[in-house]
Amino acid sequence: MNAHTVMDYKKLVSVAKNVDEKFNAFNAINENLSGGRPISVKDNICVSGLECTASSRVLRGYIPPFDATVVEKLKNKGFSVLGKTNMDEFGFGSFGLNTEKQTKNPFNPEYCAGGSSAGSAIATASIKDHISIAESTGGSISAPAAFCGVVGFTPTYGTVSRFGLIDYANSLDKIGVMSRTSRDIREVFGIIRGGDERDTTSTDREVKDEPKRAVTVVDNLLDLVDGEVKEHFQDLLGKLMNAGFKVNHTKIEGIEYAVPVYYIISMAEASTNLAKYQGFKYGKGAVDYGTDYNTFFKRARASFGAEAKRRIILGTFIRSASVKSRYYEKALRIRANLIKKLKVALKSGYLLSPTMPIKTPRIDEIERLSPAKIYAMDVLTVLPNLAGLPHMSFPYAYPEDMPIGAQIVGDHFDDYSVMSFVDEWEKSFKYKFKYSMG
Amino acid sequence: MKIGLEVHVALPTKTKLFCSDSTSYSDEPNTNICPVCMGFPGSKPVLNKETLILSANIATALHCRVIERTSFVRKVYFYPDLPKGYQITQTEGAIGNGGSVAISGKEVRIRRVQIEEDPAKVVRGENYTLLDFNRSGIPLNEIVTEPDICSESELKEFLVELRSILYYQGIDIDREIKTDLNISLAEERVEVKNITGVDSLLKAARYEILRQGSLLEENQPVKRETRAFDEKSGVTVSSREKETEEEYGFIFDTDLTFYDTKWIEVKKPVIPRLVAEKYSKKYGYDEEKLREAIYLNRDNMDMLAYVDDGAAIEKVVNLMQKLRSKPTKEVIRRLLNSDINNLSREQLERWVRGEFDEPEPVNMDEVRREVAELLRSDPSLSKRYKENKNTVNFIIGKVKKKHNVSYNDIVGIVDSILSDNQV
């Protein structure tokens, strides 16, 4: 290693610090970074020896003794972890605000970065050639990628091992990638994908690259989109038609259930995943062993944020014997039904929609909204997430100098086909970034 | 009276249910642990498939249907011994469903056999509590009965039968068995949770029978509640008053999947009660004595199968009760050929140690008689023997149990019988 590279790493660490100061992108920065290709990792993914909090006070002080499988694979291919990126606590949020250090959009710090993988999107949008490992449960990669103007890829459920991921909702959680080009995503996905004996739900199944020449727009989904966003999206469809794409239109019955179904299932699972945070073995609660168990336990769990508490309470209610069949079990059936319908629609090509139903909102606007209104913003991202379908958000317009994103969805195991679509898009469209530090 | 049980037994695996830590429970506390059985964030459970094989066999021995695709749920409750805040267990997707165990004159129905993980061990001191996570994640079977047990004696008998069945499935029955006891003399069900060992279970049941009985006699209501058994004082105490079912908020564990069970080759189970019944019918021998000898003793069971012989059975059963360790085949042969009543205990023990004063006597006349009988009963044998001398191995197999004979001995005898017959 020569002096020049050592200098570069120091500079990179200071760049990361700078990005963090401006937009609150990181929960931890690896100051000892001294080799390898830098990559950032969302703070709900374990990196051996680095504190991992998922932005929760309850996890403060948790230093995992192991690497997540994705991290292990990346390290083996010469990557090294620059830092752990900020996020909504445990992934609970779509705007990057449910964290002690609220995140800000690099295009304008008064605007939301999107969530929950907010820090990954900010780092990618601000640092030259940056790649970040993110995670999506219901849209946590697409949303921040769209608001921060980067490319965000969420793979087919099971193609990337979840070992080492701090669970939000196990049947929905997917580790994915953000970067500034589809090409980088293809490379990193090629490294991290594959079955893992430490994650039972992972699979070695082959991933296809069969680009399609048609996109389908779900019209009744588009009806839920804000007028201005819709206009820009129509322009995108026009461009695609000019490029030789066939644009189909369809309607899918029952999509209005997608958001409630997503929240019912994810909260039910989340409320069990959060049961382990009792302050015994790690975290803030482990201070006073002199109290009785209930007191100790209450103190430890008081440190959850408001949204985490809301989801524990709602999730516990949803699982309770008296209402389980009315909510949880019904949601599972609707989920299975929606997956069937989406797969039928995917037979004639990709599905395409705006990523978010609104333009990037101001932080103070979101803070005024009720939780139900905030949840409704996930209407476009929850569908592919509920179905475990591979999808990618990519920037396609910059009204008033802020990026907006569209979301392309493929059938299961069509991950490379989805990337091929964005590869082609990038040939005719140049992304804009406000910063390219480093 | 209605009694139902939830019996928890540890499966004899080398490694834990969802990780590769050792199941050895006598090791230094908190040494057989890893991120999975400690519930560290980011870790994921991976099923030990051997538990499927063992559980499918246990379920079959309890006459349960083995489900084709088995699955796991999370049972959420908060207790210091539960590192994840939920226990991975089974409900509808349980490996075994709808079985039974026979006791005198009736069957106790088995609702379910489910696979689940053991929580950590709690060690309570005067003003402290210690946790040993070596036990966290040890694979268990929970055997849930219907409330079919109607008396203290039926309870005792059921436990004897269940333990003997589990013994022959390789369960270490000397290891603590933990039981939840549901018992109601009237309408309301009382649950006594987490009773350790069979003796305590019987004591707890007797205490509840007396307690509930006297309440009823005084026309006082028996409350629906959960109680705990205090081993020292031998009484049950109310732990929390609950009017409703406990709320565990079960949901499917999506870190795991559905597991196919069709590939599992289930062995024909040994049901000691049926074995004792069979031998007692066959030889008119006392069934109770046979049970005592074989219920929890695999060596005796092997001996019984080995000597399958009406004349010897009394000798063998008596010997089973005298001997501590399993005798070799030679010892059994010598015993069967000697006058047991005149055999000294010292000589018997020498034999068991492998010390023989004289070579094993072989009664060649007896052997010749048995071989001749075999040849007579199956005329094809002599024909086959003339074509292939190895046929003699079949004959050896038949007589070797009782007589220490060699290949050449038998060939000589067969040749001489055949030539005698020709003359």
Side-chain angles (χ1 to χ4, degrees), chain A residues 44-47 52-54 56 59 62 64-69 90 161-167 169-173 196-202 265 268-269 271-278 280-283 289-290 293-294 296-297 301 315-322 324 328-329 332, chain B residues 18-20 30 33-49 71-89 91-92 120 122 124-125 127-131 133 136 240 244-259:
Chain A
N44 57 353
I45 296 168
C46 292
V47 178
C52 188
T53 69
S56 184
L59 265 170
Y62 174 53
F66 54 87
D67 277 330
T69 299
F90 289 109
S161 167
R162 290 184 298 113
F163 178 80
L165 172 69
I166 293 182
D167 305 305
N170 319 60
S171 75
L172 290 153
D173 296 344
D196 177 8
E197 58 180 25
R198 293 178 294 182
D199 171 12
T200 306
T201 61
S202 67
I265 293 173
E269 292 187 19
S271 65
T272 66
N273 286 320
L274 267 53
K276 68 171 59 162
Y277 302 110
Q278 303 168 7
F280 269 127
K281 300 180 287 294
Y282 39 77
Y289 286 105
Y293 179 60
N294 283 343
F296 182 90
F297 176 74
R301 291 176 71 84
T316 305
F317 169 71
I318 289 161
R319 285 185 289 111
S320 62
S322 55
K324 197 169 129 188
Y328 179 68
E329 285 166 10
L332 291 183
Chain B
F18 295 115
C19 62
S20 54
N30 295 313
I33 55 171
C34 75
V36 175
C37 58
M38 291 289 281
F40 272 31
S43 66
K44 305 269 179 286
V46 176
L47 180 68
N48 176 350
K49 298 270 167 62
S71 61
F72 292 84
V73 295
R74 295 177 171 184
K75 176 181 180 178
V76 184
Y77 64 95
F78 294 102
Y79 206 67
D81 63 2
L82 204 56
K84 297 189 291 294
Y86 59 82
Q87 181 192 31
I88 304 179
T89 177
T91 50
E92 289 87 2
V122 181
R124 290 197 193 283
N127 53 1
Y128 61 87
T129 300
L130 301 174
L131 293 168
F133 287 89
S136 173
R240 47 197 157 171
T244 52
E245 283 294 321
E246 270 164 322
E247 182 67 81
Y248 290 118
F250 293 103
I251 59 167
F252 189 76
D253 192 327
T254 44
D255 270 343
L256 300 164
T257 179
F258 287 98
Y259 298 88

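All heavy atoms count here, side chains included; hydrogens, waters and symmetry mates do not. Residue numbering restarts at 1 for every chain, and letters A, B, ... go by the order of the sequence lines.
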- Query: Do Asp196(A) and Lys44(B) come close enough that some side-chain heavy atom pair is under 4.5 Å?
  - Reply: no
- Message: Is the shortest side-chain heavy-atom distance between Arg162(A) and Asp255(B) below 4.5 Å?
- Response: yes
Pick one of side chain, backbone, both or neither for [X], based on which atoms fall under 4.5 Å of a heavy atom in chain B.
X         : value
Asn294(A) : neither
Pro64(A)  : neither
Phe163(A) : both
Phe317(A) : neither
Glu329(A) : neither
Ser320(A) : both

Side chain, backbone, both or neither: which part of [X] has a non-hydrogen atom closer than 4.5 Å to chain A?
X         : result
Phe250(B) : both
Val46(B)  : both
Phe18(B)  : neither

- Query: Is a side-chain donor or acceptor of Lys324(A) paired with a backbone partner of Ile251(B) at a separation under 3.5 angstrom?
  - Reply: no
- Would you confirm whether Glu247(B), through its side chain, and Ala321(A), through its main-chain N or O, come within 3.5 Å as a donor-acceptor pair? yes
- Query: In Å, rounded to the nearest 0.5 Å, how long is the span from CD1 of Ile166(A) to OG of Ser43(B)?
  - Reply: 10.0 Å
- For Phe66(A) against Gly42(B), the heavy-atom pair lying closest together: CZ-C, 4.0 Å
- Scanning both residues in full, the closest heavy-atom pair of Thr254(B) with Thr201(A) reads O-CG2, 3.4 Å
- What residue among Leu165(A), Leu59(A), Thr53(A) forms side-chain contact (heavy atoms from CB on, under 4.5 Å) with Pro41(B)? Leu59(A)
- Message: Students often mix this up, so state it plainly: with edges at 30° and 60°, are the rings of Tyr62(A) and Phe40(B) parallel, tilted or perpendicular?
- Response: perpendicular
- Query: Of the listed residues (Phe78(B), Tyr77(B), Phe252(B)), which shares the most heavy-atom pairs with chain A below a 4.5 Å separation?
  - Reply: Phe78(B)
